[in-house]
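The structure appears right after this line, and notes come after that.
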Amino acid sequence: MKNHLSFIIALALLVPAASCVRESQRGWWDDSSVGTVAISGTVTDSFGALLEDVEVYFRGTNMERELRYVTFSDWDGTFRIENVPSNARYVTFSLPGYATVAYTINPQRFASGEEIVLNPVLEYSAALIRGQVLGAVDGRPLSGVRVDCGLKAVTTDTEGRFEITSLPLKDYTLTYTIADGSAYKREIAMGDFVDSVAEMPVVRLGGGEVLPGMKWQDLADAPHWFANNYRGSTGFNGINDWTVGYMSAFSWWGEFRYEAEGCALVNVAAQHEDADPDQFIGYTYGRKKIEEGNKIFNVNMRTHYATAATPAKFGVKVLNLTDGASAVEDVARYTYAGSDYSSFAFDLSRYVGKEVVIALGIYWSENNFHQVSRRFCFAPSAVKGDDALPGTPVSGAEWRGFTRENLTSMMTNTGTVFSGSNFTLNSSDGDHGARRVHNPGGEQGFSLWAGTNHLTNSWALQYISKEVEPVNEQGYTLKTRGGADSDYFTPESYIYSRFHISDANDRLHLYIRTFSSANPTVFKVTAVPLATCKAAALKPVSNTAATAVSAPGGCWSFIHEKGNGNPAEYAEFVYDLSEYKGQDIVLALGIHKGNTRSGEQKLCICKIEMD
């Protein structure tokens with residue numbers, strides 16, 4: 001119970017206290033009311049939590065809105081007041097840190113004498129966004145930058161810092177506007193608030209272009225290249241060309257074409273005759289942490305239309321984010337005119353331990369040409385053609401490409417929801433087909449997946465003996481060969497990604513299905529703690545499959561045809577990752593050839609979630 005000394009004691013003594021859930025006090029009102037009723041209800045926040053100690057004020061309906069009556073919600077969010085007259089029908093609900101909610105009750109509801117129930121929902125409004133802005137050229141604090149979240153705007157101080165306070169918890173678009181009027185936007189998701197605070201990464205604004213079309217912060221916002229092995233189109237050793245060309249979902253600047261031979265940067269000579277010979281006229285770029293295990297950037301490529309006299313000119317430039325460099329650095333330049341694929345190595349050793357933006361681009365030439373990339377890979381040494389990533393095999397998972405050097409140098413995936421949706425793509429040759437090529441200016445290859453949570457943007461795919469179906473309308477699909485012997489150790493293909501396990505992601509949920517009611521699909525989830533690089537097969541703690549049994553080698557065999565057109569009907573397999581809390585691990589999901597020799601078995605992935 002509470003005593004509220006903010007009221008005038010003399011007025012409080014004039015009227016006896018009314019009965020209610022919490023002690024309340026009544027002020028004075030006149031008798032010109034149409035009736036009195038009890039008013040009760042429950043106060044919650046916008047997430048459904050019950051709110052205690054909410055002040056419930058009943059005020060007069062005149063201009064002064066003088067206080068007539070007050071009470072507080074109890075521990076369960078409830079409140080109740082008897083004998084409230086109609087001329088005290090302006091009701092407010094207030095709690096520090098929340099936006100006040102107000103009601104004006106229709107006086108006719110008092111005439112009936114029936115109890116009035118109010119269930120207000122208070123929105124939390126004590127969140128804050130803070131950050132710092134630096135100059136792109138000199139890295140010094142930038143004052144006077146207007147920062148607007150849509151509800152409020154502030155300007156940065158002499159240290160370039162800003163803080164926007166008293167905000168509700170929700171998604172925001174933050175707009176930074178500098179003195180020359182140029183603006184930069186950054187999205188904030190509600191999940192970015194930790195203990196009600198969204199700490200924004202430092203941004204660097206102003207200055208000129210660091211690469212054509214890109215200022216410093218534009219490059220710093222480059223999509224992450226989480227994996228160390230990517231393909232641009234046609235694969236090797238029987239891999240179908242349209243199943244692996246995920247480089248087409250990279251960020252590309254300039255004229256780009258997704259071709260059967262690879263992802264192509266195009267030099268149209270007549271359009272760039274005045275180009276700076278030291279500047280790219282087209283490039284692709286991504287953000288990456290360089291380690292000993294991925295310090296050599298390997299590009300497997302060929303050209304179209306280049307000649308010995310006028311070869312394709314290309315190279316790699318790097319922006320060192322960790323050291324705050326204001327300009328890109330040249331790593332190496334090459335020329336090539338061959339129609340055969342050749343591999344080129346770019347040494348990034350000087351950036352080991354640093355986070356950088358890598359740009360592979362072309363320079364102008366007086367002759368038209370296409371620089372066609374078939375594969376990018378990052379390794380501790382040079383890699384030729386389709387050679388496997390070199391390194392030390394992982395104990396218990398000696399699979400192609402699954403090396404200690406590869407796994408320990410992958411970037412940490414911070415996502416928690418990954419979709420297997422085809423995002424309107426399909427495997428036809430039509431306008432919505434993932435095989436679509438030579439479509440400059442339009443959607444090409446897997447470009448519709450760019451910027452989405454499609455699993456191929458942050459999980460790596462390794463082909464071993466069977467291609468995948470990336471645009472199956474039911475979901476991303478791994479599959480086995482038909483007529484092959486069973487193998488519970490080596491998968492036919494697998495996807496994998498690196499995570500730091502915490503309370504926020506220590507449970508893994510797979511939403512998957514099969515395409516047969518008779519022949520089961522065999523799969524395995526493998527965890528590799530990077531401290532030891534020893535693989536362990538994980539056992540699900542629960543599943544909702546029609547049938548599911550353990551199989552040799554830590555695999556699981558299941559049948560579940562439901563889910564066609566209804567993701568809610570997919571089988572859910574749940575894995576407990578709490579034993580790895582505080583550790584960096586790599587998770588791998590592979591499909592295996594089980595005892596069924598005939599036909600393909602398929603593992604269709606609707607989505608992967610971690611919570």
Side-chain angles (χ1 to χ4, degrees), residues 1-9 11-29 33 35-61 65-106 109-110 112-128 151 165-171 190-198 502-504 506-507 611:
M1 297 301 197
K2 296 183 176 179
N3 292 317
H4 303 282
L5 301 180
S6 58
F7 291 95
I8 301 174
I9 296 176
L11 288 178
L13 293 175
L14 292 176
V15 181
S19 173
C20 59
V21 174
R22 300 294 299 271
E23 180 178 342
S24 58
Q25 294 191 8
R26 180 184 296 179
W28 174 88
W29 58 72
S33 66
T36 62
V37 297
I39 298 179
S40 64
T42 303
V43 190
T44 60
D45 68 12
S46 52
F47 303 102
L50 301 171
L51 295 180
E52 182 181 6
D53 287 333
V54 176
E55 294 179 315
V56 187
Y57 287 151
F58 293 80
R59 298 180 181 274
T61 54
R65 288 284 194 266
E66 72 272 15
L67 181 64
R68 301 291 182 82
Y69 208 76
V70 64
T71 191
F72 295 82
S73 63
D74 215 329
W75 63 271
D76 59 356
T78 61
F79 69 95
R80 180 181 175 82
I81 298 182
E82 302 284 352
N83 301 321
V84 178
S86 62
N87 57 5
R89 64 181 183 273
Y90 182 76
V91 189
T92 60
F93 296 83
S94 303
L95 183 66
Y98 290 81
T100 297
V101 171
Y103 294 85
T104 299
I105 304 173
N106 188 322
R109 299 183 65 183
F110 289 78
S112 69
E114 294 182 2
E115 183 169 337
I116 296 174
V117 177
L118 303 176
N119 294 315
V121 177
L122 274 59
E123 185 175 36
Y124 183 78
S125 60
L128 65 90
L151 296 180
T165 61
S166 302
L167 297 173
L169 278 175
K170 65 174 190 175
D171 299 343
M190 190 167 66
D192 295 330
F193 289 87
V194 178
D195 294 331
S196 302
V197 179
S502 67
D503 289 336
D506 62 355
R507 287 178 75 84
D611 57 26

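All of these numbers come straight from a predicted model, not from anything done at the bench.
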>> Just to verify, which of Leu122, Thr78, Val121, Leu95 counts as forming a side chain to side chain contact (heavy atoms under 4.5 Å, CB included) with Val43?
In response: Leu122

> When Ile39 is tested against each of Phe58, Tyr69, Tyr103 for side chain to side chain contact (heavy atoms under 4.5 Å, CB included), which residue passes?
Replying inline: Phe58

> Any donor-acceptor pair under 3.5 Å linking the side chain of Asp74 with the backbone of Gly77?
Replying inline: no

> Nearest 0.5 Å, what's the CG-CD distance between Leu169 and Glu123?
Replying inline: 8.5 Å

Specify the closest pair of heavy atoms between [X] and [Y], including all atoms of both residues, with the distance to one decimal.
X      : Y      : value
Ala99  : Ser125 : N-OG, 3.1 Å
Ala102 : Tyr90  : CB-OH, 3.8 Å
Arg59  : Thr92  : NE-OG1, 4.4 Å
Asp53  : Phe72  : O-CD2, 4.0 Å
Met190 : Asp171 : N-OD1, 2.6 Å

> Who passes side-chain contact (heavy atoms from CB on, under 4.5 Å) against Glu114, sequence neighbours left out?
Replying inline: Ser112

> Would you say the side chain of Phe93 lies within less than 4.5 Å of the side chain of Leu51, judging by non-hydrogen atoms?
Replying inline: no

> side chain to side chain contact (heavy atoms under 4.5 Å, CB included) between Val54 and Phe79: does it pass, once the steps are laid out?
Replying inline: CA-CA 9 Å; Val54 176; Phe79 69 95; over 6 Å; no

